[in-house]
Amino acid sequence: SFDLLWGRWPQWSVINSYVFWNETSPSETSNLFRVNVGHSFYPAEKIQLCTDYHMLWANQNTIGGTAAANGMSWSQGGKFRGHLFTGLVNYNITKQLRSYFLFEYFVPGNYYAESSRDAAYVSKVNVEYTFN
């Protein structure tokens, strides 16, 4: 598993950081198999566009039929976690000032019970200034 405490930000997904939190300890991600394809390019000198598609599976469904305190529940036998689409735009405004816009869309699979299969979206804007 990967301990999220030591990461500066979620390694590959903001949404799934919160989803997996319901299954394991708050700082750990485990029981996961992920296939990812992505593409990034620079349409302009200071702008980078990154897109990714992820297919997610659970190695096993050991918590099938249970529910978390927040109402999230898991199916009896499904192992397909779902589809995740991500997009990221990085913009280097100056040498010391940069920003990014992140968008994610998650479509849960049969690993989750039907009552917990609503699609999820997240977007994030960040501006960073680096002191030299």
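Given the structure is predicted, the values throughout are model-derived calculations rather than measurements.
Aromatic ring pairs are classed by plane angle as parallel below 30°, tilted from 30° to 60° and perpendicular above 60°; the pair His83 and Tyr53 is parallel.
A continuous path of hydrophobic side-chain contacts links Val125 to Tyr105 [ILVMFWY only; heavy atoms under 4.5 Å]. A continuous path of Ile, Leu, Val, Met, Phe, Trp and Tyr side chains, each step under 4.5 Å between heavy atoms, connects Tyr121 with Phe101, placing both in one hydrophobic cluster. A continuous path of ILVMFWY side-chain contacts below 4.5 Å connects Val35 to Val107, so both sit in one hydrophobic cluster. Under a hydrophobic-cluster definition in which Ile, Leu, Val, Met, Phe, Trp and Tyr are linked whenever side-chain heavy atoms come within less than 4.5 Å, directly or via other members, Phe103 and Phe85 are assigned to the same cluster.
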Val89 and Ile47: CA distance, side-chain angles, deciding distance, side chain to side chain contact (heavy atoms under 4.5 Å, CB included) verdict: CA-CA 7 Å; Val89 179; Ile47 299 173; 4.1 Å; yes
Verdict with reasoning, Trp57 to Asn59, per side chain to side chain contact (heavy atoms under 4.5 Å, CB included): CA-CA 6 Å; Trp57 291 270; Asn59 295 328; 6.0 Å; no
Test log, rule side chain to side chain contact (heavy atoms under 4.5 Å, CB included), inputs Ser123 and Leu102: CA-CA 5 Å; Ser123 62; Leu102 172 71; over 6 Å; no
Residues Met55, Phe33; criterion side chain to side chain contact (heavy atoms under 4.5 Å, CB included); working and verdict: CA-CA 8 Å; Met55 289 181 73; Phe33 177 70; over 6 Å; no
Derivation of the side chain to side chain donor-acceptor pair (under 3.5 Å) call for Ser13 and Glu104: CA-CA 8 Å; Ser13 174; Glu104 293 186 9; 3.0 Å; yes
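Each of Asn90, Val127, Thr130 was scored for a side chain to side chain contact (heavy atoms under 4.5 Å, CB included) with Arg98, with one residue passing: Asn90.
With contacts defined as side-chain heavy-atom distances shorter than 4.5 Å, the pair Tyr100/Gln48 does not qualify. Side-chain contact between Thr51 and Ser40: absent, with no pair of heavy atoms (C-beta onward) separated by less than 4.5 Å. Leu49 has its side chain within reach of Pro43: a pair of non-hydrogen atoms, C-beta onward, lies under 4.5 Å apart. Looking only at side-chain heavy atoms (C-beta outward), Leu32 and Leu56 come within less than 4.5 Å of each other.
Judged by distance alone, with hydrogens and angles left aside, the side-chain atoms of Asn92 form no donor-acceptor pair with the main-chain N or O of Leu97 at under 3.5 Å. Counting only distance, with no hydrogens or angles, the side chain of Lys46 and the backbone of Tyr91 share no donor-acceptor pair below 3.5 Å. Side chain of Asn110 to main chain of Ser75: no donor-acceptor pair is present (N/O by atom type, distance under 3.5 Å, no hydrogens or angles).
Between Phe131 and Tyr129, the ring centre distance stays below 6.0 Å. Taking the six-membered ring for Trp and the full ring otherwise, Phe80 and Tyr111 have centroids separated by 6.0 Å or more.
Closest of all the heavy-atom pairs between Ile93 and Ser99 is CD1-OG, 4.0 Å.
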